[in-house]
Asker: 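After the structure tokens below, expect a handful of questions from me.
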Amino acid sequence: MIKKVGVVGAGMMGAEIALCFAREGYETVLNDISQEIADRGKEKQAAILDKNIKKGRITEEDKTAILNRVTVTGNLEDMADCDLIIEAVLEVFDIKKSVFEKLDAICKESAIIASNTSSISITKLASTVRAERKGKFIGTHFNSPASVMKLVEVIPALLTSEETAEAVTAVLKEIQKEPVRVKDVVGFGLNRIFHAMYLEACRLVEEGVCSAEDVDKICKYGLGHPMGIFALLDITSHDLNLNVDRILFKAYGERFRPSPQIIRLVDSGRLGKKTGAGFYNYEER
Ligand SMILES: NC(=O)c1ccc[n+]([C@@H]2O[C@H](COP(=O)([O-])OP(=O)(O)OC[C@H]3O[C@@H](n4cnc5c(N)ncnc54)[C@H](O)[C@@H]3O)[C@@H](O)[C@H]2O)c1
């Protein structure tokens with residue numbers, strides 16, 4: 001039974017993943033390379049909860065109770081009594097490998113270890129833990145912003161037990177997520193759909209069929225999307241999108257060839273909303 005949840009990496013994804021569990025009553029441990037960086041993760045959680053208070057969704061008392069359930073630490077040893085530990089550190093195999101090796105040694109035998117990787121094979125990551133842990137290793141791919149988006153892809157590795165996949169699916173439902181089981185393939189499910197769609201959207205603009213603004217209108221008013229695909233790309237940031245394109249292109253070939261428009265944006269430093277400009281200009285708004 002999963003009662004206490006650890007999250008390693010208190011960055012963009014980790015802080016919000018930990019918040020999802022704390023919000024639903026789970027005792028949560030949030031770790032980063034130093035106490036100071038881990039603390040910043042909790043500050044981010046507080047800022048999200050403040051916005052929720054302003055919108056009337058929660059009270060000050062709720063915020064205090066939620067944050068009291070989050071222990072922040074620069075010490076990985078504090079994961080020792082967690083039942084589920086989700087890794088959300090940088091997308092670099094060797095860094096993840098070192099985290100998993102340490103977790104495997106620190107965590108109790110019954111603990112499940114999960115990775116939030118977007119692009120590394122879960123089976124390859126599972127190879128970093130001892131044979132006895134391989135049945136308890138799985139992928140849980142949250143979407144950004146993790147405190148809002150309901151989808152979580154659940155990705156069993158080659159040797160993941162059905163019991164582990166079911167336990168993780170159940171706890172994700174408990175925290176109000178919509179888990180979807182997908183095979184351990186490059187891009188999983190979401191990124192294959194998202195990138196195929198946006199690369200086609202880029203081709204429409206490159207061929208002069210319609211403008212980026214009109215593509216966004218097609219998405220919003222024809223497909224019922226809450227925002228246009230180019231507006232979404234500006235939020236997810238083009239350097240990150242291009243990295244994923246390159247990984248998909250390597251795995252699947254021509255249908256994921258990176259768009260010249262995205263390459264130009266990245267070369268020019270227009271990485272999206274975070275730099276003040278991407279397809280759209282945010283500084284001028
Ligand atoms: N950003 C997204 O939209 C998104 C979406 C889905 C999945 N992911 C995946 O989630 C993971 C994290 O991405 P992010 O965007 O939150 O990155 P990020 O750079 O915002 O955060 C990563 C954090 O990991 C910490 N870290 C690095 N090495 C560590 C270690 N050894 N121990 C503990 N902490 C360590 C860093 O200090 C940093 O705070 C990546 O695998 C990424 O592919 C990202």
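Note that the numbering runs from 1 along the sequence shown for the chain. Each ligand, and each atom within it, is numbered from 1 in the order the structure gives. On a predicted model such as this, the values are computed, not experimentally measured, just so you know.
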Asker: Counting non-hydrogen protein atoms only, what is the nearest one to atom 21 (O) of ligand 1? Give residue, atom name and distance.
Answerer: Gly11 CA, 3.4 Å
Asker: Within the 4.0 Å heavy-atom shell around Ile33, which atoms of ligand 1 are there?
Answerer: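 Counting atoms of ligand 1 from 1, those under 4.0 Å from Ile33 are 28 (N), 29 (C), 30 (C), 31 (N), 32 (N), 33 (C), 34 (N), 35 (C), 37 (O).
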Asker: Which atoms of ligand 1 have any heavy atom of Ile95 under 4.0 Å away?
Answerer: 28 (N)
Asker: Against heavy atoms of Asn31, which atoms of ligand 1 measure under 4.0 Å?
Answerer: 33 (C)
Asker: Do Arg192's NZ or CZ and the ring of Tyr252 fall within the cation-pi criteria of under 6.0 Å and 45°?
Answerer: yes
Asker: Counting from 1, what ligand 1 atoms have a heavy atom of Gly9 closer than 4.0 Å?
Answerer: 24 (O), 34 (N)
Asker: Is the closest heavy-atom distance from Arg40 to ligand 1 below 4.0 Å?
Answerer: no
Asker: For atom 19 (O) of ligand 1, tell me which residue out of Leu90, Leu76, Asn143, Asn241 has the closest non-hydrogen atom.
Answerer: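 Answer by nearest heavy atom: Leu90.
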Asker: What's the shortest distance from atom 9 (C) of ligand 1 to any protein heavy atom, and which residue and atom give it?
Answerer: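 The answer is Asn116 O, 3.3 Å.
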Asker: Got the closest protein heavy atom to atom 3 (O) of ligand 1, with its distance?
Answerer: Ser144 CB, 3.3 Å
Asker: Please list the nearest protein heavy atom to atom 41 (O) of ligand 1 with its residue and the distance rounded to 0.1 Å.
Answerer: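 Protein heavy atom with the smallest distance to atom 41 (O) of ligand 1: Glu91 OE1, 2.5 Å.
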Asker: Report the member of Val7, Asp32, Leu103 with the shortest heavy-atom distance to atom 26 (N) of ligand 1.
Answerer: Asp32
Asker: Using a 4.0 Å cutoff against the non-hydrogen atoms of Lys96, which atoms of ligand 1 qualify?
Answerer: 40 (C), 41 (O)
Asker: Are any side-chain N or O atoms of Glu77 and backbone N or O atoms of Ile106, one a donor and one an acceptor, separated by less than 3.5 Å?
Answerer: no
Asker: Please list the nearest protein heavy atom to atom 16 (O) of ligand 1 with its residue and the distance rounded to 0.1 Å.
Answerer: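 Ranked first by proximity to atom 16 (O) of ligand 1 is Met13 N, 2.7 Å.
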Asker: Please identify which atoms of ligand 1 are closer than 4.0 Å to at least one heavy atom of Val99.
Answerer: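 This gives 30 (C), 31 (N) as the contact atoms.
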Asker: Report the C-alpha distance between Phe21 and Leu84 in whole Å, list the side-chain angles of each, state the deciding distance to 0.1 Å, and finish with yes or no for side chain to side chain contact (heavy atoms under 4.5 Å, CB included).
Answerer: CA-CA 11 Å; Phe21 285 95; Leu84 166 67; 4.2 Å; yes
Asker: Please determine whether side-chain hydrogen bond (donor to acceptor under 3.5 Å, both in side chains) holds for the pair Glu101 and Thr128, giving the CA-CA distance in whole Å, both sets of side-chain angles, and the decisive distance to 0.1 Å.
Answerer: CA-CA 6 Å; Glu101 284 170 351; Thr128 64; over 6 Å; no
Asker: Using a cut-off of 6.0 Å, state whether more than 12 heavy atoms not belonging to Lys108 lie near its atom NZ.
Answerer: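 Atom NZ in Lys108 is crowded, with more than 12 foreign heavy atoms closer than 6.0 Å.
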Asker: Which heavy atom of the protein is the closest neighbour of atom 20 (O) of ligand 1, given with residue, atom name and distance?
Answerer: Met12 N, 2.9 Å
Asker: Run down the list Val89, Thr236, Leu240, Val152 and name the one with the heavy atom closest to atom 11 (C) of ligand 1.
Answerer: Val89
Asker: Any side-chain to backbone donor/acceptor pair from Lys134 onto Ala126? Under 3.5 Å, distance only.
Answerer: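 Flag set: sc Lys134 to bb Ala126 pair under 3.5 Å.
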Asker: Between Arg23 and Glu16, is the salt bridge (charged side-chain N to carboxylate O under 4.0 Å, His left out) condition met? List the steps.
Answerer: CA-CA 10 Å; Arg23 225 166 33 185; Glu16 294 205 28; over 6 Å; no
Asker: Quick check on contacts: which atoms of ligand 1 are under 4.0 angstrom from a heavy atom of Thr117?
Answerer: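 Selected atoms, number and element: 41 (O).
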Asker: Got the closest protein heavy atom to atom 43 (O) of ligand 1, with its distance?
Answerer: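 Sorting protein heavy atoms by distance from atom 43 (O) of ligand 1 puts Ser118 OG, 2.7 Å first.
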Asker: Can you tell me if CD on Glu91 sees more than 12 non-hydrogen neighbours from other groups inside 6.0 Å?
Answerer: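 Yes, the 6.0 Å shell around CD holds more than 12 heavy atoms from other groups.
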Asker: Test salt bridge (charged side-chain N to carboxylate O under 4.0 Å, His left out) on Arg203 and Glu206 and set out the steps.
Answerer: CA-CA 5 Å; Arg203 283 190 280 269; Glu206 280 153 28; over 6 Å; no
Asker: Step through the shown structure and confirm whether more than 12 heavy atoms of other residues, nucleotides or ligands are within 6.0 Å of CD on Glu163.
Answerer: no
Asker: For residues Met227 and Asp216, determine if any side-chain heavy atom of one lies less than 4.5 Å from a side-chain heavy atom of the other.
Answerer: no
Asker: Which ligand 1 atoms are under 4.0 Å away from a heavy-atom of His141?
Answerer: 6 (C), 7 (C)
Asker: If you compare all heavy atoms of Tyr282 against all heavy atoms of Ala231, which two are closest, and at what distance to 0.1 Å?
Answerer: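 Tyr282 and Ala231 have their closest heavy atoms at OH-O, 4.3 Å.
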